Novice: 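First, the structure itself, so that you have it in front of you.
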Amino acid sequence: MFTSGKKMVLRVLVFMAVLAAGVFAIGGSRSQAATLKIKMNGKTSYYRGKQTTVKYNKKRISNTKYKGLTIKKTRMAAYDDVFRKGLKVKTKYYSSSKKLVMSKNGIKVTFKLGSKYAYVNGVKRKLTAAPVKVRYVKKKKNKILVPVKFLCEQLGFNYKASGSVVTITNAIMVEYNDTVKRSTVVGKVSYNGKENNLSSMPVIKLGSTVYLPAEEVFKKLAGIEYEYDAGSEVLTLKNEATKKTVVFTLNETSYMENDTVKNLSTPMYMVKRKDTNKTVLCVPAKVVCRSLGYSYNWNKTNSLVSIHDLIYFDWKTDKSVNAGDGKNYITEAKAIYNPGIDCISFTIKGTDTALMEQISVVRNDRVITVTIPTESKYLLDNYSFTKFVNTLEKFEVTADDTGNVIINITGYNPADFAYSAMDGVLTINVMGQYIGSSALKIMKPAGITINNVTNEDYYNSKKFKINIRGNHIDFINRNPIVISSDVITDVTTELSSDGNTVITVTTSKLQGYKIYEKSDSFQVSIGNPRNIYKNIVVLDAGHGGYDAGASHKGTKEKDLNFKILYTLLKGYYTSNAPDTKIYWTRTTDTFITLANRASFASKVGADLFISLHMNSASNSSANGTEVYYSTNNNGSRFSGITSKTVATLFKNNLVAKLGTKSRGVKTAGFYVTKHNTVPAVLIELAFLSGSSDYYKLTNATFQKNSAKVIYDTINQIFINYPTGR
């Protein structure tokens, strides 16, 4: 009797609890939303799951009175509010057969209430939750709810669910190779810094590959030679500036770049837009751009493809010159775009190094004027260029009354620039308008330009020096240097032993800096290196001090490492406003611990670490180049670059340009690569003990060429893999 009574009490309590709760949740947590009374499939219940609001292009399109429900983990919403009214989808409901037909962009989806199968253009598809008629009891209204994500994917919309909100944005339905698919990307193209809306076909994504409309981008925007033969289905694109020609065949997984056959992971397609019924020839963006010699960047967040000319012009003379007749012949002129620092670089090559160093470069408002001495003769057939699009308006070569060769570089606005002359080559980097704050302002003495200014970075002592040709101590005393930075602790001015003015700037911590020329002054911006420079590299000359490394016939490895990586390479990095900043782990014959070498990259905020060594073996037959990286430091960094990528580029370039034997890219646990914070490689350039390598390593030309290949490879890395700063 006691046991039976206890059971009865328990049953009553359970029944009362159910009545009190009044809940039947259809997916989701009971605590996530207010109670909603609904009738579905003939049963009335209380829904306490997630109620969904649907937005289209940031505007709410679901009715606040009849929010969507989550059924079997599927977001469901009223078809009439969301799809018919909000997204303008054509719909028709047949009450007698309980069929719902929805169509857009040539796609027809047929549902039947209560059925877990739908038909997309006649093809049967299984659903996770069936369309269902739901009565919102309190509002006394029936709504037919449909699976939102499924419909978006079929009809050409992008779907994203976050919390209680579903966001729908435009996609595009396309047909190619007899299949209809939804491109989740509807993007734009930026060419040479100018953003363009495409009319024939937006930037689309087919599978994992970004595609561009070939004719509109390359013929109309880039203006290169374009030819498509509909009969053979062959597209030919030719970029005269880069001397690159590519040939694609419709649906083929290989193409021609100049005379080389290359493979394609995804081919060229003829793509039909279902919304406009236009058919457009589309090409894989990255492959085509880089094969034609353009920089390429895909911004996934903004759905933007950025393309930029890497070479504007490359002029050379075929006329013979007499290099010993006392004349300076201008034989080459080149203009390239440097995406690493967003600047246009000009190189002018002359035959007389001394006269090239006498060139004057000044700016007057929008015009940068290069004056080449009267002993010079311009031998090129080209005198002007106007297709820069972005920062510059034109490049023009003339002559003044005295016979000087004059080059005027005209910008759309006043632009900053930096230049240097070395080995008979004048390099001018023209940048956008300088908008950074000035930490130092040094008034310009009469007749002095940036070409009379050099700098030296004593970063280990937290100092840098600005050297101005000539004695200007009195001028600076009359026109004091203006300091506008708390990090500068001291500025001194003195006359050097060779009669030049030296300004020494001391800072409270290691700082990067750039020197710019204004109309009346030199202005210096300073800051943490990563805020000043687009690219930062640490170069590590292996060994040093009492650690000589390998040795052979009196030649020490430490000396070769230092000569190539510091003595010869530093001449390439003398600009007052450099695009790439180099920090060396040692600038003298000093011993530095492996731990200090590796940690130095973090100290200066480096992007890359490159260590140079010479190999050695007991057998003199061992010769060749090998480059090492560590698998413990091979994660993807800026633009997807890895230590292995860097190692491969260095190995390929060194072997190809220096003619050494390839010993491959290898992995090892070298301390400086394993314990680094950035992509790091260790180059074993050649064998000091090698029967053939020894004579190469001790040859001055080989050493100079080695430095040049390292310099070129660093530039190549930042062009192909921009840091994004």
Side-chain angles (χ1 to χ4, degrees), residues 14-104 108-118 127-152 154-155 157 159 161-168:
V14 170
F15 178 71
M16 291 178 67
V18 171
L19 287 177
V23 171
F24 178 74
I26 310 172
S29 170
R30 295 184 179 188
S31 62
Q32 289 176 321
T35 302
L36 175 67
K37 191 174 183 180
I38 61 172
K39 184 177 182 180
M40 185 174 69
N41 296 328
K43 296 180 180 180
T44 301
S45 59
Y46 286 89
Y47 174 85
R48 292 187 60 134
K50 191 172 291 180
Q51 296 184 38
T52 299
T53 297
V54 182
K55 293 184 177 181
Y56 172 58
N57 291 339
K58 299 182 180 181
K59 182 180 179 181
R60 179 181 53 78
I61 56 174
S62 58
N63 193 315
T64 55
K65 297 179 181 178
Y66 315 111
K67 290 184 177 181
L69 311 180
T70 300
I71 302 175
K72 295 185 178 179
K73 298 182 180 180
T74 302
R75 304 268 190 154
M76 310 284 284
Y79 86 91
D80 54 343
D81 296 327
V82 172
F83 288 93
R84 180 166 59 84
K85 296 176 184 177
L87 300 177
K88 310 303 180 186
V89 174
K90 185 178 179 181
T91 66
K92 189 168 185 179
Y93 178 62
Y94 300 88
S95 58
S96 58
S97 61
K98 297 182 179 179
K99 282 188 178 181
L100 174 63
V101 180
M102 308 175 71
S103 58
K104 188 177 179 66
K108 183 170 76 171
V109 181
T110 303
F111 294 110
K112 185 173 182 179
L113 266 60
S115 174
K116 288 188 177 181
Y117 292 95
L127 306 171
T128 55
V132 62
K133 181 182 288 187
V134 174
R135 183 168 183 81
Y136 292 78
V137 176
K138 187 175 180 180
K139 302 297 181 183
K140 299 179 181 180
K141 183 75 173 179
N142 294 331
K143 289 286 183 178
I144 295 176
L145 306 189
V146 293
V148 181
K149 183 178 181 181
F150 175 82
L151 273 169
C152 285
Q154 305 310 314
L155 299 177
F157 297 98
Y159 168 97
S162 178
S164 62
V165 177
V166 164
T167 301
I168 298 175

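Because the structure is a prediction, the values reported are computed rather than measured. Computed over heavy atoms, backbone and side chain alike; hydrogens, waters and symmetry mates excluded. One is the number of the first residue; the rest follow in order along the sequence.
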Novice: What class does the angle between the rings of Y79 and Y93 fall in, given that below 30° is parallel, 30 to 60° is tilted and above 60° is perpendicular?
Specialist: tilted
Novice: What do the steps show when you test T52 against K67 for side chain to side chain contact (heavy atoms under 4.5 Å, CB included), and what is the final call?
Specialist: CA-CA 6 Å; T52 299; K67 290 184 177 181; 5.9 Å; no
Novice: Look up atom OG1 in T110 and atom OH in Y94, then write down how far apart they are to the nearest 0.5 Å.
Specialist: 8.5 Å
Novice: Apply side chain to side chain donor-acceptor pair (under 3.5 Å) to T70 and R75, showing your working.
Specialist: CA-CA 5 Å; T70 300; R75 304 268 190 154; 4.6 Å; no
Novice: Which residue in the set I61, V54, V109, L151 passes side-chain contact (heavy atoms from CB on, under 4.5 Å) when paired with F83?
Specialist: L151
Novice: Quick one, V165 with K55, criterion side chain to side chain contact (heavy atoms under 4.5 Å, CB included). Give me CA distance, side-chain angles, the key distance, then yes/no.
Specialist: CA-CA 7 Å; V165 177; K55 293 184 177 181; 4.1 Å; yes
Novice: Rounded to the nearest 0.5 Å, how far apart are NZ of K98 and OG of S115?
Specialist: 12.0 Å
Novice: Is K50 close to L69 at the side-chain level, that is, under 4.5 Å between some pair of heavy atoms?
Specialist: no
Novice: With heavy-atom distances below 4.5 Å as the criterion, would you say the side chains of V148 and I168 are in contact?
Specialist: yes
Novice: In chain order, what residues pass the salt bridge (charged side-chain N to carboxylate O under 4.0 Å, His left out) check against K85, with sequence neighbours excluded?
Specialist: D81
Novice: Enter the distance from K59:NZ to T167:OG1 here, rounded to the nearest 0.5 Å.
Specialist: 15.0 Å
Novice: Looking at L87 and K104, what are the two nearest heavy atoms and their distance?
Specialist: O-NZ, 3.8 Å
Novice: Do R48 and L36 have side-chain heavy atoms sitting under 4.5 Å apart?
Specialist: no
Novice: Have a look at N142 and tell me which of K133, K39, R135 forms a side-chain hydrogen bond (donor to acceptor under 3.5 Å, both in side chains) with it.
Specialist: R135
Novice: Nearest heavy-atom pair of A129 and P147: which atoms, and what distance?
Specialist: O-CG, 4.2 Å
Novice: Checking S103 side chain against K108 main chain: does a donor-acceptor pair fall under 3.5 Å?
Specialist: no
Novice: Are N41 and V132 close enough that some pair of their side-chain heavy atoms sits under 4.5 Å apart?
Specialist: yes
Novice: Looking at CE of M102 and CZ of R84, how far apart are the two atoms once the value is rounded to the nearest 0.5 Å?
Specialist: 9.5 Å
Novice: Measure across C152 and Y159 and return the closest heavy-atom pair with its distance rounded to 0.1 Å.
Specialist: CB-CB, 4.0 Å
Novice: Classify the side-chain pair T128/T74 by whether it contains a donor and acceptor separated by less than 3.5 Å.
Specialist: yes
Novice: Where do T91 and V101 land on the side chain to side chain contact (heavy atoms under 4.5 Å, CB included) test, with the steps shown first?
Specialist: CA-CA 6 Å; T91 66; V101 180; over 6 Å; no
Novice: Specify the closest pair of heavy atoms between K143 and A78, including all atoms of both residues, with the distance to one decimal.
Specialist: CD-CB, 3.9 Å
Novice: At what distance, to the nearest 0.5 angstrom, does CZ of F111 lie from CG of L100?
Specialist: 6.5 Å
Novice: With side chain to side chain contact (heavy atoms under 4.5 Å, CB included) as the test, would you mind laying out the steps for Q154 and K149 before giving the verdict?
Specialist: CA-CA 9 Å; Q154 305 310 314; K149 183 178 181 181; over 6 Å; no
Novice: For a 4.5 angstrom cut-off between non-hydrogen side-chain atoms, does T44 reach I38?
Specialist: no
Novice: Please examine the side chains of F157 and V89, heavy atoms only from C-beta on, and report whether any two atoms are closer than 4.5 Å.
Specialist: yes
Novice: First locate atom NZ of K141, then atom NZ of K65, and finally report the distance between them rounded to the nearest 0.5 Å.
Specialist: 10.0 Å
Novice: Short question: side chain of Y66, backbone of K139 - any donor-acceptor pair under 3.5 Å?
Specialist: no
